[in-house]
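Below is one structure, written out as structure tokens, with a few remarks after it.
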Amino acid sequence: MARRKSLEQPANPAQSPPRACVIGGGIGGLALAIRLQAAGHPTVLVEARPELGGLIRSWQQDGFVFEQGPAALADAAPLRELWSLTGEDMADAVKLVPVAPAWRCSWPDGSVLDLPADPAQLARIAPEDIPGYEDFLAWSAASRADGWQRLADQPQGSARGLTEALGPILRNQGWRSAAGLVSSLVKSDKLRQALSFQTLLAGGNPYKTSALNLLGQIPDQLGPAWWPEGGMGRLVQALAQRFQKLGGEIRLHDPVVRIHTVGNRVTEVECASGWRSKVTIAASNADVVHTYRDLLPGTQRGPALARKLMGKSFSPSAFTVHFALEGTWPGIPHRMALFGPRYASLLGDIFTHGVLPQDMMILLSHPSVTDPGLAPPGRSVFSATIPVANLIKLPIDWDTVGPVLQRRVLREVGRRLVPDIEDRIITAFHTSPRDLALDFNAWAGAAWSLEPIPTQSGPLRPHHRDGKLANLYLVGAGTHPGAGLAAVLAGAKATARLMVETKK
């Protein structure tokens, strides 16, 4: 997308009054910018790439729309709220289509389970676990508001944060891991996998991350998910239009290269083009290491905190194959989890050992079954994502390994779902951890920033408000409550609350 004239800023920044600045136009930066502008604070949103959306990306090729990012929305309420702030209705800008089943889980032996679980399927796979499944739904309903949402909504930065988090964690078994909680309720290995794998969508190992992190990734009562008609890229466009309609300014394709400070305050933001703008308050939606190491190099705060962050544990990365096929496939739902022969040990290889195993777990997206306009008539569009170790744990040559792994992923999808896949492929390409590092400055190519383990969660994660620079804030996957669409939107709400209170 070329920079449009309407998005350009005045050549002389001195003519522009000081304002709020949001660095990075991912979904968190967009949501924060909308909230600030709706609260009456003039805001400029600066994005390094030619298009907004961050890790939510769209490619148009030969009539297909390829999508990268969330394969569906677990909860549309936080997005609807971005319109209701000023009394408008999201439905006037974006049509949301239900996605049911929310997931189809499949195993190598041919077993299949849809979520929410069909009673007949559940009876075939795990008849003894029907009461335990109902207990899981009850826990989910009871813990969603009092546990996950309460913690997600807490602005981080106060000394009371840890104390305030203990109550919801203890009441809702947040001290258990996702896999540990599920294992306490059901006995079937397959059902345990089906009810715990969703923490991967936020970069969390089900055996290490809090059970409450499940609730940011699964729909209420495991009901239907949602898909924005036209794709996730269409949703990003609608959010950008919403921000501009409120009077916000967008600057595209001009990376921020320096956050200038005087004393303990941010004073200016400088871009690669030489454009500079005075700011009264600033927030970064960029990668946390990039923010402190590269944008604050001349300060004591920046390099010191960057070194500290680089010593922490970062999430895995992701390898995604995008492909288009001849034919339509109504029997393949919008989202599938294709489990392999291993689960716990496979996750150990990815999160701990840093190896590229021969077997794999594939998260398959088939958006054109819900939204046929994403592909030409009689054709279909897919993406297949496998979690892989980040570049620190797995420092391999992805230019060499990528094409080989792409063929392996397509062969496995073909073996499980499309036997003649090689004859039906129209086009295929992939993105790797190296792309995430180069295109988004993602430290170690981590797809979800810091790993959400107990020692890096809640008040122990980078706070929404910087501890030294009084008017610098963070938003996005690297801060509380973490990665995943629902978490990032909750974090944007909490950060906005702090910024608006500061400016009063």
Side-chain angles (χ1 to χ4, degrees), residues 67 69-75 96-127 129-130 133 136-137 140 178 182 186 188-202 206 214 217-227 232 318 320-323 325 327-343 346 359-372 374-375 380-387 409-419 421 484-485:
E67 298 270 344
L73 307 171
D75 183 6
L96 294 179
V97 183
V99 173
W103 282 98
R104 175 167 293 166
C105 300
S106 170
W107 288 270
D109 65 1
S111 300
V112 172
L113 177 67
D114 288 348
L115 296 177
D118 175 85
Q121 286 184 329
L122 193 57
R124 286 194 298 270
I125 288 181
D129 285 328
I130 293 176
Y133 176 77
F136 177 82
L137 294 182
S140 174
V182 170
V186 300
S188 162
D189 284 339
K190 289 175 181 174
L191 191 53
R192 287 175 173 179
Q193 293 171 22
L195 296 181
S196 66
F197 81 91
Q198 291 92 338
T199 62
L200 293 170
L201 306 178
L214 274 172
Q217 309 305 323
I218 59 177
D220 189 22
Q221 292 296 298
L222 289 180
W226 301 94
W227 176 258
M232 288 291 175
T320 300
V321 181
H322 303 274
F323 59 102
L325 299 182
T328 57
W329 303 88
I332 302 178
H334 189 113
R335 291 197 297 183
M336 290 190 72
L338 303 178
F339 292 96
R342 299 185 299 147
Y343 184 62
L346 176 68
D359 58 333
M360 63 184 74
M361 174 184 176
I362 300 174
L363 303 178
L364 184 71
S365 174
H366 178 204
S368 57
V369 75
T370 300
D371 192 356
L374 300 179
S380 303
V381 65
F382 292 83
S383 66
T385 297
I386 62 170
V409 170
L410 289 173
R411 278 200 303 268
E412 182 65 10
V413 172
R415 188 180 71 83
R416 301 276 287 268
L417 298 170
V418 187
I421 191 170
L485 193 61

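These numbers were taken from a predicted model, which means no experiment stands behind them.
Remark: Y133 engages no residue in a ring-ring contact (aromatic ring centres under 6.0 Å, His included) (not counting sequence neighbours). With sequence neighbours excluded, the residues satisfying ring-ring contact (aromatic ring centres under 6.0 Å, His included) with W107 are F339. Contacts of V418 classified as side chain to side chain contact (heavy atoms under 4.5 Å, CB included), with partners at least two apart in sequence or in another chain: L325, W329, I332, D420, I421, R424.
A donor-acceptor pair under 3.5 Å is formed between the side chain of R335 and the backbone N or O of A102. H334 places a side-chain N or O within donor-acceptor distance of the main-chain N or O of A71, the cut-off being under 3.5 Å. With hydrogens and angles disregarded, no donor-acceptor distance shorter than 3.5 Å links the side chain of T199 to the backbone of L214. In terms of modelled atom types and a separation under 3.5 Å, the side chain of D371 and the main chain of L374 share no donor-acceptor contact. Between the side chain of D129 and the main chain of S188, a donor-acceptor pair closer than 3.5 Å is present. Judged by distance alone, with hydrogens and angles left aside, the side-chain atoms of Q121 form a donor-acceptor pair with the main-chain N or O of D114 at under 3.5 Å. In terms of modelled atom types and a separation under 3.5 Å, the side chain of T370 and the main chain of V99 share no donor-acceptor contact.
Residues V321 and V413 are not in side-chain contact: their nearest non-hydrogen atoms beyond the backbone lie 4.5 Å or more apart. The shortest side-chain heavy-atom distance between Q198 and L115 falls under the 4.5 Å cut-off. Residues L338 and E412 fail the side-chain proximity criterion, which asks for heavy atoms closer than 4.5 Å. The closest side-chain heavy-atom distance from L222 to F136 is below 4.5 Å. Between L191 and I125 the shortest side-chain heavy-atom distance does not fall below 4.5 Å. Under the 4.5 Å side-chain criterion, counting only non-hydrogen atoms from C-beta, P98 is in contact with W226. Two residues are said to be in side-chain contact when any heavy atoms from C-beta on lie closer than 4.5 Å; V369 and S380 fail this criterion.
In this structure, OG on S106 lies 6.5 Å from CG on L417, to the nearest 0.5 angstrom. Here CD of E67 is found 9.5 Å from NE2 of H322. Values are rounded to the nearest 0.5 Å. Note that NZ of K190 and OG of S111 are 3.0 Å apart. Values are rounded to the nearest 0.5 Å. Going from atom CG of L113 over to atom CZ of R124 covers 9.5 Å, rounded to the nearest 0.5 Å. Rounding to the nearest 0.5 Å places CG of L485 at 8.5 Å from CD of Q217. Distance check, rounded to the nearest 0.5 Å: CG of D359 to CZ of R342 gives 4.0 Å.
Heavy atoms only, all atoms of each residue included: A225 and A72 are closest at CB-CB, 3.9 Å. Scanning both residues, L122 and A117, for their nearest heavy atoms gives CD2-CB, 4.2 Å. Among all heavy-atom pairs drawn from R416 and P108, the shortest one is NH2-N, 3.8 Å. Closest heavy-atom contact between V186 and R192: O-NE, 2.8 Å.
Using bins of under 30°, 30° to 60° and over 60° for the plane-to-plane angle, the ring pair W103/F197 lands in the perpendicular bin.
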